[in-house]
Every structure is written in C-alpha cells, then in structure tokens.
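Contents: one structure, followed by commentary.
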Amino acid sequence: MAAIVTPFDKMFLTSIWIETLLYGLNCAVFGTAMYVLIRKQSRSSNWFLIPVSIFLFSLSTGYVAVSFRQLLNAFIFAPPGGASAYFKIQTNPLAVTKLILYSTNVTAQNLFLIWRLWGVWNRRWWVVVLPLAMEIVHTVSEFIAIGEGAVPRPNQRVKGDFILIIRQLSIVNWCMDLAINICVTAAIAFRLWQMARTVGPSMPGHRQFLGIMRMILESGLLFATATLITVSIYLSGSLDTVNAIDGIVQFATITPLLIIVRVGLGLTAGQQSRDTEVDVPSKLEFITRSRLGASTNDDSEITDSTHVRTRPGAGMSDFDLHKVEESSV
C-alpha cells in the first residue's frame with residue numbers, strides 16, 4: 001500500500017490565502033483605529049496606544065510579506081513540482097522568521113492586554129504580578145521551542161510528526177496564552193462591571209461601562225477562540241497547526257485594534273450608539289453631582305470633573321472614569 005503524501009503545497013497555499021483575507025480586514029481595522037486615536041490626540045494614553053498599534057500592525061504586515069516570499073520561492077523559483085517539498089522543510093530561514101514574528105506579535109498583544117488590566121484596576125501592581133509571571137513562562141517556552149525547531153539535533157525523541165520537546169514546550173506556551181487571555185479579559189470585565197454597579201443603573205455612565213465591558217469580552221473571545229482551535233488541532237497531531245498560525249497572527253493584531261475602534265466609535269454589543277462616540281468622562285460631573293450632591297459627603301470627595309475618590313470603607317477607591325476609558329481604548 002502506497003504511503004499517503006501530505007500535500008504541503010495545497011495546505012500552505014490555502015492558509016496564506018486565508019491569511020491574506022484576514023490581513024485585508026486588519027488593514028481596515030488599523031486605519032479606523034488610527035483615525036480614532038488621532039482624533040483624540042489630547043488623550044494622555046494615545047502616546048502609548050498609537051506606537052503600540054503601529055508596532056502590532058507592522059508585525060502582521062511583515063508576516064504577510066514573508067508568506068508572499070515563501071510563495072515565490074515555492075512556486076516560481078523552486079523546480080517544477082518542488083513546492084510541497086519546500087514547505088515541508090520548517091527549518092528554513094523564512095519559516096523560522098514567521099514563527100519569530102508570530103511569537104513577538106502574540107507576546108506584544110498579551111502585554112498590551114496586561115497593560116489595560118493595570119490601567120482599569122487603577123494602576124495597582126499586585127493585580128498584574130501573576131499575569132506577568134505567566135507571560136514570562138509563555139514567552140520563554142515559546143522562543144525555546146522555536147530555537148529547538150530551527151536547529152534540530154540528531155536523535156531527538158519524536159511523537160507523531162513533532163519533536164517531543166517542541167511539542168511539550170508548545171503545549172505549555174499555548175496553555176499560558178489561553179490562561180492569560182481568558183483570565184485577564186475576565187478581570188478587566190469584572191472591574192468594569194464593578195464600576196457600573198458603583199455608578200448605578202440610573203446614571204449616564206452605567207451603560208457606557210457595560211458597553212465597554214461587552215466590547216472587551218467579545219473582542220477577547222475572538223483571539224481566545226482562534227488560539228483554542230489551534231491548540232486542539234495541535235493536540236490531535238495534525239500538521240495543519242502550522243497553517244492555523246497564519247491566521248492567529250492577524251487575529252493577534254485585530255483583537256486590540258478592534259477594541260480601540262469599537263470604543264472610539266461607540267459600537268456597543270454590535271449596535272451603534274446614538275452619540276457615535278463613547279464619552280464617559282464628559283458625563284462624570286453630572287453623575288457625581290447626582291449621586292453625591294453638589295458638596296462632598298463623609299464617604300466621597302469630588303477632586304475634579306473627571307475624578308471621584310472614595311474614602312476608606314466607602315467602596316471602590318481611586319474611581320477614575322477618565323483612566324478607565326483610556327485603558328479600555
């Protein structure tokens with residue numbers, strides 16, 4: 001019985017085609033995100049958001065460029081019929097470069113998510129200690145796996161189609177990635193839900209908090225689902241894992257940019273808000289005066305029109321809606 005030959009040429013051609021479609025979506029989301037951020041140049045967080053967004057988009061653009069070069073090498077410069085043999089070799093420089101770009105992109109996306117967690121929780125460092133530790137494990141295991149695969153050694157133990165040490169490191173890497181995305185996103189959403197309760201359902205800021213919370217959950221679910229599918233494919237022993245990574249790179253960039261776009265344009269839970277822009281801080285003065293009265297009481301004080309600080313025992317401390325929206329965007 002003849003051995004089954006894996007059609008690497010068709011697999012990679014299909015995955016790069018899907019990657020290109022996602023990159024087109026990525027371009028549209030990135031352009032809209034830049035429009036939102038440049039419109040709000042007065043926001044103090046934009047000095048950070050603009051370069052980070054450009055960096056993430058540059059990584060995904062570089063990934064597409066390397067994929068295009070792979071297509072040229074496989075179908076134009078290689079001997080006729082040699083495309084499948086070319087793509088089968090995952091130790092060539094272009095394949096390793098793609099893995100490095102992928103790992104850098106995912107790591108940057110995770111750090112961006114952790115930064116948002118830090119901001120929403122009023123810059124309390126204890127909140128991000130565990131996520132940062134998990135990210136260190138995630139990044140170290142990821143790059144060690146890339147190094148092991150780039151320079152394979154003789155007599156390495158193999159399980160299925162994968163080198164055993166790379167398989168073990170990859171499982172650790174993706175488990176950490178999933179845990180970071182799910183737990184950090186849930187912690188951000190919980191904090192926003194807490195703030196919505198503090199504001200009160202009858203106050204103007206209540207719906208904005210819940211809207212931003214839903215946006216972050218929905219956008220975070222997008223990347224977490226893509227990662228979970230990739231992990232499932234990998235655990236099944238399928239070589240399609242390599243192809244799935246092509247799509248994840250684009251999702252790693254789209255996810256944070258999509259939050260910027262949806263918050264900036266006021267797209268809450270799939271519907272456009274009446275005001276076309278979520279502007280929580282502008283309503284805070286009305287909220288604080290409605291809840292606390294024109295003068296401060298024993299539990300709270302109004303430090304300015306965008307900042308309410310509660311005294312010990314009064315509930316949430318350092319309650320800053322302006323920082324919340326900046327961190328969410």
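Every heavy atom of this structure was used, including side-chain atoms; hydrogens, water molecules and symmetry mates were not.
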(request) Take Thr104 and Phe143 through the test side chain to side chain contact (heavy atoms under 4.5 Å, CB included) and record every step on the way to the result. (result) CA-CA 9 Å; Thr104 305; Phe143 281 98; 3.9 Å; yes

(request) List the steps, then state whether side chain to side chain contact (heavy atoms under 4.5 Å, CB included) holds for Phe30 with Ile54. (result) CA-CA 8 Å; Phe30 173 73; Ile54 294 173; 4.0 Å; yes

(request) For Trp17 and Leu71, run side chain to side chain contact (heavy atoms under 4.5 Å, CB included): C-alpha distance rounded to whole Å, both residues' side-chain angles, the deciding distance at 0.1 Å, then the answer. (result) CA-CA 11 Å; Trp17 178 73; Leu71 291 179; over 6 Å; no

(request) Run the numbers on Leu25 and Leu21 for side chain to side chain contact (heavy atoms under 4.5 Å, CB included), then give the verdict. (result) CA-CA 7 Å; Leu25 175 62; Leu21 292 179; over 6 Å; no

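Atom-to-atom distance recorded for Met11:CE and Leu13:CG is 12.0 Å, nearest 0.5 angstrom. Atom-to-atom distance recorded for Ile166:CD1 and Ile171:CD1 is 12.5 Å, nearest 0.5 angstrom. To the nearest 0.5 Å, the span separating CG on Leu222 from OG1 on Thr227 amounts to 9.5 Å. Rounding to the nearest 0.5 Å places CG of Leu22 at 5.0 Å from CZ of Phe251. With values rounded to the nearest 0.5 angstrom, Glu148 atom CD is found 11.5 Å from Ile146 atom CD1. Here Tyr102 contributes atom OH and Thr107 contributes atom OG1; the two are 9.0 Å apart, rounded to the nearest 0.5 Å.
Using a 4.5 Å heavy-atom threshold, the side chains of Tyr23 and Thr61 count as touching. Inter-residue side-chain proximity for Leu235 and Arg167 is flagged as met; some heavy-atom pair is nearer than 4.5 Å. Asn122 has its side chain out of reach of Val127: every pair of non-hydrogen atoms, C-beta onward, lies at least 4.5 Å apart.
Note: the hydrophobic cluster containing Ile188 also contains Trp125 (ILVMFWY, side chain heavy atoms under 4.5 Å, direct or indirect links). By the rule that hydrophobic residues join a cluster once side-chain heavy atoms approach within less than 4.5 Å of another member, Leu221 and Val231 end up as members of separate clusters. There is a path of hydrophobic side-chain contacts, each under 4.5 Å, that joins Trp126 to Trp118. In the hydrophobic clustering of this structure, Leu178 groups with Val249; members are Ile, Leu, Val, Met, Phe, Trp, Tyr whose side-chain heavy atoms approach within less than 4.5 Å, directly or through other members.
Within the structure, every pair that satisfies the ring-ring contact (aromatic ring centres under 6.0 Å, His included) test and touches residues 59-98, not counting sequence neighbours, is listed here: Phe12-Phe87. Among residue pairs with one or both ends in residues 168-190, those qualifying as ring-ring contact (aromatic ring centres under 6.0 Å, His included) are Trp174-Tyr234, Phe190-Trp193; sequence neighbours excluded.
For the residue pair Ser170 and Ala145, the shortest heavy atom distance occurs at OG-CB, 4.4 Å. The minimum heavy-atom distance linking Ile180 with Pro131 is given by the pair CD1-O, 4.2 Å. Minimum heavy-atom separation, Ala83 to Asp9: CB-CB, 3.8 Å. In terms of heavy atoms, Ala187 sits closest to Trp121 at O-NE1, 3.3 Å. The two residues Met134 and Ala179 make their nearest non-hydrogen contact at CE-CB, 3.2 Å. Closest heavy-atom contact between Ser53 and Met34: CB-CE, 3.4 Å.
Of the residues Thr253, Ile259, Ile254, Thr255, the one that meets the side-chain contact (heavy atoms from CB on, under 4.5 Å) test with Leu257 is Thr253. For the side-chain contact (heavy atoms from CB on, under 4.5 Å) criterion with Phe223, the lone passing option out of Ile248, Leu113, Thr185 is Ile248. Among Asn181, Val184, Asn105, the one residue that satisfies the side-chain contact (heavy atoms from CB on, under 4.5 Å) test with Asn110 is Asn181.
For Asp246, the salt bridge (charged side-chain N to carboxylate O under 4.0 Å, His left out) partners two or more places apart in sequence, or in a different chain, are Lys98. Scanning for side-chain contact (heavy atoms from CB on, under 4.5 Å) contacts around Asn173 gives His138, Ser141, Glu142, with sequence neighbours left out. Under the side-chain contact (heavy atoms from CB on, under 4.5 Å) criterion, Ile76 pairs with Leu72, not counting sequence neighbours.
In terms of modelled atom types and a separation under 3.5 Å, the side chain of Ser84 and the main chain of Pro7 share no donor-acceptor contact. No side-chain donor-acceptor contact under 3.5 Å links Ser103 to the backbone of Ile100.
With hydrogens and angles left out, the side-chain atoms of Glu135 and Thr139 include a donor and acceptor closer than 3.5 Å.
Other members of the hydrophobic cluster containing Ile233, listed by chain and number, are Ile229; membership follows side-chain contacts under 4.5 Å among ILVMFWY residues, whether direct or relayed.
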